[in-house]
Number of protein chains: 2
Amino acid sequence: MTGIDDVARAAGVSTATVSRALRGLTGVSAATRDRVLQTADSLGYEPSSSAAHLASGRTMAMGVLLPMIERWYFASALEGVDRALRAAGYDLIVFSLGGSGTNRQRVFHRSMLRKRIDALLVMCMQLTPDELADLQALEYPNVIVGGHVDGLRSVSVDDAAAATDAAEYLISLGHTRIAHLKGGGAYGIDFDVPRRREQAFRDTMARHGLPVRPEWQAMGGFRFAGGKIAAGQLLDAPGERPTAIFASADEMAFGALLAAHERGLRVPEDLSVVGIDDHEFAEPMGLTTIRQRPDEQGAYAAELLLGELQGKARLDVPRIQPHELVVRASTGPPPSS
Amino acid sequence: MTGIDDVARAAGVSTATVSRALRGLTGVSAATRDRVLQTADSLGYEPSSSAAHLASGRTMAMGVLLPMIERWYFASALEGVDRALRAAGYDLIVFSLGGSGTNRQRVFHRSMLRKRIDALLVMCMQLTPDELADLQALEYPNVIVGGHVDGLRSVSVDDAAAATDAAEYLISLGHTRIAHLKGGGAYGIDFDVPRRREQAFRDTMARHGLPVRPEWQAMGGFRFAGGKIAAGQLLDAPGERPTAIFASADEMAFGALLAAHERGLRVPEDLSVVGIDDHEFAEPMGLTTIRQRPDEQGAYAAELLLGELQGKARLDVPRIQPHELVVRASTGPPPSS
DNA sequence: CTGTTAGCGCGTTCAA
DNA sequence: TTGAACGCGCTAACAG
């Protein structure tokens, strides 16, 4: 393996000069810099990140801790984080709980991040007090993405506003009999996003003097299959049927769409459905939804940490991430019945 | 930060003994080992991976290079890789091309992996000759997952057999007018999986003396939206309609299902659809498909590399990964017309 | 079974 | 603008 002294020798300078030239520091004449760059390139030299870490204290890597990867939100956010990090020359180290929730003990234990990262992004996780303490003991900059933990900064949409906008839109169309497909309880990891959305839904209904019927609140577990089953039960129940379903996430909304189809209900004539996310499938499925961009949230969070590592002032209250109503074919006025 | 000498001093032994005890090497008395473990724990000591790397030559990290994260196959495979690595105490470093294909130059350039990893998994990428050379110059163990590159080992299903099984199943139901939704051309990264599946489809049709009509071959780009559009065009075309669609991936099959529904075609009475993958949505959508398990493929590939790092013999021909027909509600005999 | 010592490959002083 | 020398924290080889 070719090291820094090989370059130094070949370029006829000291290792210190090579180091300076390669990192673009000042105090190197243009001539020597060019020479160093050229010989480094021709020798195929690349510095060892471990040696650099040891000498400088910086790992040039960032960690992401998440409950699981294979979920639209997480995978998209990861993509955004990766994009931001790569642009800054940082590496991305991924720690997934794999949805298990069982290897949950000592998540933030020192062993999980063996002095390998400069900062940590935590995605959508509800933390126990012990875990919170562990995280803070880790002492490097951190931020929560897509979730909320007391005492830590979050980068996310305004979940309450997003849910409110969805419910308000249904109400503006004339709906009064609105059901709610709730998320949560599915990741093996609770987090409060579903609670915030549900509360906002309830508040919005109350503000309009509309009832929130217990039998129209169902748990869809944030997934297609769960949403389909829950929506099916809603629609099959005796008595009045809702004219609209607000799903706390698109995947559950897809399930609702399918459940309606299977029962011969027309969307939106008989039933309107609105979700949150703007999942890739929402457009082809014609789902009206509240768009959010997990990738941009991830990138924003990564850049925030990157900024702090470069000495920028700490941002105690990150910018709320935007959301937006996207109207498609799954919503319309309620049936006139 | 507490280092190894802090532990050594506190335990009254040398740093070498601490190192040995902590790594579970032989040649340490039970008593000393316990004492060391205990003081290390109480001091909250965790070794620096960089220092360990420098001294030992091992990074205890593995890299994964993939075209993008937010895609069912990649995210699932990543999950499996992570699971295997974490069990072995290895870290996972992710390099995503972000679907761009533009920052494609010098993918394997030394700078991409600054001596940070012990082995590399490459997912589903078609490599240029230059890239292949770069990869091999990287000199650490590698393996391709879910794709094929001449000269490199692959962990994947038998794509030809999977596509054959799907087509054979349709044929066994009595279908003769079978359309094909092809993948490919979508990732910004070509790879030969779609070609293998298409070829197997053609071969199977030929073997049964069935025609492969050019107007029934459509490009769905491996995605829901693309599959929906392509299937819609197939179904809207004047002249005879296919009685079955074989989609090279579930996401396109979902699009076909939707296109059929929108045209009032009943599935499977008027049209049968079969996919490949067993995507999470396949079960609730009632899609007949060929199941594969990307997570297990990823885990298997990771374990293969792990084994080699531990000195096991190199496996030149990894085990073909299993696939399996899963019959659901989207397939049936062709209409008797 | 345990301790001593010499690097691993850089970044970073400090002096020139 | 450049170079020499030290040390980051650990593992490995050797000696005891």
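In what follows, chains are A, B, ... by sequence order, proteins preceding strands, each numbered from 1.
Place A:T15 and B:S29 on DNA chain C by their nearest nucleotides, and B:S29 ends up nearer the 5' end. Mapped onto DNA chain C by nearest heavy atom, B:V13 and A:A52 fall at different nucleotides, with B:V13 at the one closer to the 5' end.
Residue contacts shown for A:G3 are limited to sugar-phosphate atoms, with no base heavy atom under 4.0 Å away. B:T32 comes within contact range of the sugar-phosphate backbone alone, with a heavy-atom separation under 4.0 Å but no base atom that close. Within the nucleic acid shown, A:R20 comes within 4.0 Å of at least one base atom, counting heavy atoms only.
Contact between the side-chain N/O atoms of B:T17 and the OP1/OP2 oxygens of C:dT2 is not found at any separation under 4.0 Å. The side chain of A:K115 places no N or O atom within less than 4.0 Å of a non-bridging phosphate oxygen (OP1 or OP2) of D:dC8.
The distance between atom CZ of B:R9 and atom P of C:dG3, rounded to the nearest whole Å, is 14 Å. Taking atom CG of B:L54 as the reference point, atom C1' of D:dC8 lies 9 Å away to the nearest angstrom. The distance between atom NE2 of A:H53 and atom P of D:dC8, rounded to the nearest whole Å, is 13 Å. To the nearest angstrom, C1' of C:dG11 lies 10 Å from OH of A:Y45. To the nearest angstrom, C1' of D:dA12 lies 8 Å from CZ of B:R23. When rounded to the nearest whole Å, the span between CG of B:D5 and P of C:dT5 equals 14 Å. Separating the CE atom of B:M60 from the C1' atom of D:dC10 is a distance of 14 Å, rounded to the nearest angstrom. Atom C1' of nucleotide C:dT13 and atom CG of A:L25 are separated by 14 Å, given to the nearest angstrom.
Here the side chain of A:S76 pairs no donor or acceptor atom with the backbone of A:D295 at under 3.5 angstrom. Although no hydrogens or angles enter the test, the distance criterion places no donor-acceptor pair under 3.5 Å between the side chain of B:D34 and the main chain of B:A31.
Heavy atoms only, all atoms of each residue included: A:M123 and A:L78 are closest at CE-N, 3.8 Å. In this structure, B:L43 and B:A10 approach most closely via the heavy-atom pair CD2-CB, 4.2 Å. Summarising the geometry of B:A84 relative to B:A299, their closest heavy-atom pair is CB-O, 3.8 Å, with the distance given to 0.1 Å.
Comparing the start and finish of the helix from C:dC1-D:dG16 to C:dA16-D:dT1, five pairs each, the helix axis swings through 30°, to the nearest 10 degrees.
No hydrogens or angles were tested; on distance alone, nothing pairs the side chain of A:R58 with the base of C:dG11 as donor and acceptor under 3.5 Å.
No more than 12 heavy atoms of other residues, nucleotides or ligands sit less than 6.0 Å from atom CD of A:Q38.
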Evaluate the criterion side-chain hydrogen bond (donor to acceptor under 3.5 Å, both in side chains) for residue pair B:T39 and B:S42; output intermediate values, then yes/no.
CA-CA 5 Å; B:T39 66; B:S42 73; 5.7 Å; no
Pair A:E280-B:R71, salt bridge (charged side-chain N to carboxylate O under 4.0 Å, His left out): steps then yes or no
CA-CA 10 Å; A:E280 179 193 348; B:R71 210 99 277 273; 2.6 Å; yes
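In the set D:dG9, C:dT2, C:dG9, D:dG9 carries the atom at the smallest distance from any side-chain atom of B:S48. If you check D:dC8, D:dC10, D:dG9 against the side chain of B:I4, the one that comes closest is D:dC10. Of the candidate nucleotides D:dG9, D:dG3, C:dG11, D:dG3 has the atom lying nearest to any side-chain atom of A:S14.
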